[in-house]
Amino acid sequence: VGRFTQPTDLRIIRVPCSGRIDPLFIVRSLMNGADGVLVSGCHPRDCHYAEGNFYARRRLEMIKRFLPVTGIDARRFEYTWVSASEGQRWQHVVTEFTRRIHELGHAPSFNPASEADWNTLAVQAGQGQGCPCHG
Amino acid sequence: MSHLDDLKSAIKGHLGDLECVIGWEQGYDPLHATPLFIRTEADLDRLIIGPLAVHNLATYLTGYKGKKVGVVVKGCDSRSVIQLLNEKLINRADIVIFGLCCDGVVSQRKIRAALPADPGFVETVEIGEDAFKVTVAGQSATLKMADVLADKCRVCDTPDAIVSDVLIGKPHTPAPAASLPCQDEFEAKSDAEKFAFWQETMSRCIRCYACRNACPMCVCRDHCIATSRDPLWLSQDNSPAENMMFQMVHVSHLAGRCTECGECERACPVDIPLMLLRRFMNKQVKDVFEHQAGKALDQTPPLLTFKVEEERINERGW
């Protein structure tokens with residue numbers, strides 16, 4: 001892997017197993033300003049801990065499917081399986097994913113950027129835009 | 001004999017063996033009910049049932065673990081009881097379930113909206129078949145039950161208690177599962193619109209944790225990660241992002257466990273439509289795992305198990 005060119009704006013966080021990934025890690029990073037999150041683990045049926053990635057697969061799939069309702073673009077999160085011997089595949093996955101995130105641009109923040117935006121938000125909240133069935 | 005009398009005599013028979021029986025009584029005015037903990041026969045006289053008995057009393061069960069208690073449940077509440085039993089958070093032998101065949105409960109929010117002004121203290125409420133009369137400060141208004149019925153009751157497919165020791169009332173023919181128009185409408189919006197919607201609603205949130213405290217499936221009590229300092233998942237900053245993060249914590253911890261009783265939304269003091277998130281997550285769980293929490297005994301929550309080959313998970317190729 002060391003000799004392949006990899007995107008320079010990708011930060012790798014190592015964990016023992018994809019089963020270590022709490023879906024909230026992904027949500028927390030997106031909330032903290034990450035533009036995209038990629039989770040990559042060993043292929044299912046090929047787990048050193050026997051069943052870690054089976055659980056991970058279910059959890060990651062649920063969080064991936066849940067994102068659209070929050071208004072966060074679900075393309076900002078992806079999960080893949082790349083084993084330690086698949087250097088080229090790794091390079092392909094990270095380059096493709098970073099390219100996708102570059103196309104999407106910066107992620108919006110739930111917190112307004114300026115004081116003026118905070119004030120607009122406070123006015124809106126005071127009027128209660130609300131959901132149609134809640135008036 | 002009315003259903004209430006049936007229920008009272010059923011409870012009377014069990015009162016001796018139980019720590020208490022949890023039901024409902026009139027709250028601070030005739031329009032509001034409040035939970036009632038029946039310990040003596042004298043308490044039994046205050047028991048009420050009907051459209052005002054909104055609370056999901058299954059919330060209290062984990063707090064009584066190890067003691068024998070009775071609980072009065074509607075169809076939706078019985079799903080929470082089943083889910084607690086399936087997760088072994090309570091013991092079946094310790095609880096006596098008085099199941100009701102429920103005709104739907106009201107939404108206080110909708111009543112408030114239907115009345116001309118904020119009612120304040122309500123003097124009398126007369127409940128009829130499909131309408132009820134509310135008297136405030138000498139003036140009375142008639143509300144149609146169809147207008148003030150809670151959202152969950154409009155599309156309810158489990159009106160009768162699924163699990164019970166005593167079933168009170170006449171069982172319904174269950175309606176087919178349906179989805180709420182407002183849910184579909186919201187899901188059809190664009191990402192940007194949904195984002196703006198949550199930004200605005202979450203800026204109203206005061207992080208009182210009423211949604212968490214009212215939730216029958218939130219059983220961590222003092223160990224909730226939202227209030228833990230180590231690890232520090234959430235700061236005390238009351239900003240839309242942190243408030244939204246808290247809701248994401250709640251939803252993801254309820255994935256495959258939420259029974260859609262709607263208590264979080266009912267308890268919310270600033271009217272945040274939290275069920276939009278919960279219903280959406282449940283829909284995904286149903287899609288992928290064909291699982292609905294609390295619909296049957298002896299189910300394993302889908303995220304606590306796995307299959308080697310998942311039929312419905314498309315592992316995206318790269």
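Source: prediction; values computed, not measured.
Atom CH2 of A:Trp118 and atom OG of B:Ser203 lie 8.0 Å apart (nearest 0.5 Å). Put simply, CZ on A:Arg76 and CG on B:Asp191 are 9.5 Å apart, with the number rounded to the nearest 0.5 Å. We find the CD-CD distance between B:Gln199 and A:Gln124 to be 8.0 Å, quoted to the nearest 0.5 Å.
Contacts between B:Leu304 and chain A at a heavy-atom distance below 4.5 Å involve the backbone alone (N, CA, C, O). For a residue to count as touching a neighbouring chain, one of its non-hydrogen atoms must lie under 4.5 Å from one of that chain's; by this rule B:Arg154 does not touch chain A. Neither the backbone nor the side chain of B:Lys283 comes within contact range of chain A; no heavy atom of the residue lies under 4.5 Å from a heavy atom of that chain. With a 4.5 Å cut-off on non-hydrogen atoms, B:Asp287 touches chain A through its side chain but not through its backbone. Within the 4.5 angstrom heavy-atom criterion, only side-chain atoms of B:Ser252, from C-beta onward, approach chain A. The parts of A:Glu96 that come within reach of chain B are both its backbone and its side chain, each placing non-hydrogen atoms under 4.5 angstrom from that chain. Heavy atoms closer than 4.5 Å to chain A are found in both the backbone and the side chain of B:Pro302.
Looking only at side-chain heavy atoms (C-beta outward), A:Arg45 and B:Glu309 come within less than 4.5 Å of each other. B:Thr305 has its side chain within reach of A:Arg58: a pair of non-hydrogen atoms, C-beta onward, lies under 4.5 Å apart. Using a 4.5 Å cut-off on side-chain heavy atoms (C-beta onward), A:Met31 and B:Met248 make contact. Counting only heavy atoms from C-beta outward, the side chains of B:Phe306 and A:Glu51 approach each other to under 4.5 Å. Side-chain contact between B:Glu200 and A:Leu121: present, with at least one pair of heavy atoms (C-beta onward) separated by less than 4.5 Å. Considering only heavy atoms from C-beta on, A:Thr70 stays 4.5 Å or farther from B:Val251 through its side chain.
Within 6.0 Å of CD in A:Glu115 there are 12 or fewer heavy atoms belonging to other residues, nucleotides or ligands. Shown here is A:Arg100, whose CZ atom has more than 12 heavy atoms of other residues, nucleotides or ligands within 6.0 Å. For A:Ile12, the CD1 atom sits in a packed shell: over 12 heavy atoms of surrounding residues, nucleotides or ligands are nearer than 6.0 Å. Within 6.0 Å of NZ in B:Lys144 there are 12 or fewer heavy atoms belonging to other residues, nucleotides or ligands. Other residues, nucleotides and ligands place more than 12 heavy atoms under 6.0 Å from the CZ atom of B:Arg221.
Between B:Phe280 and A:Phe66, the closest heavy-atom pair is CE2-O, 3.7 Å.
Comparing A:Val82, A:Ile72, A:Val69, A:Asp73 by heavy-atom pairs within less than 4.5 Å of chain B, the highest count is held by A:Val69. Ranked by heavy-atom pairs under 4.5 Å with chain B, the first of A:Pro44, A:Ala74, A:Ala122, A:Ser109 is A:Ser109. Ranked by heavy-atom pairs under 4.5 Å with chain A, the first of B:Ile225, B:Ile313, B:Val270, B:Val249 is B:Ile313. For the set B:Glu187, B:Lys194, B:Met281, B:Met245, the entry with the most heavy-atom pairs within less than 4.5 Å of chain A is B:Met245.
With hydrogens and angles ignored, the 3.5 Å screen pairs a side-chain donor or acceptor of A:Arg57 with a backbone N or O of B:Val308.
In summary, A:Arg28 and B:Glu242 engage in a salt bridge, as defined by a charged side-chain N under 4.0 Å from a carboxylate O.
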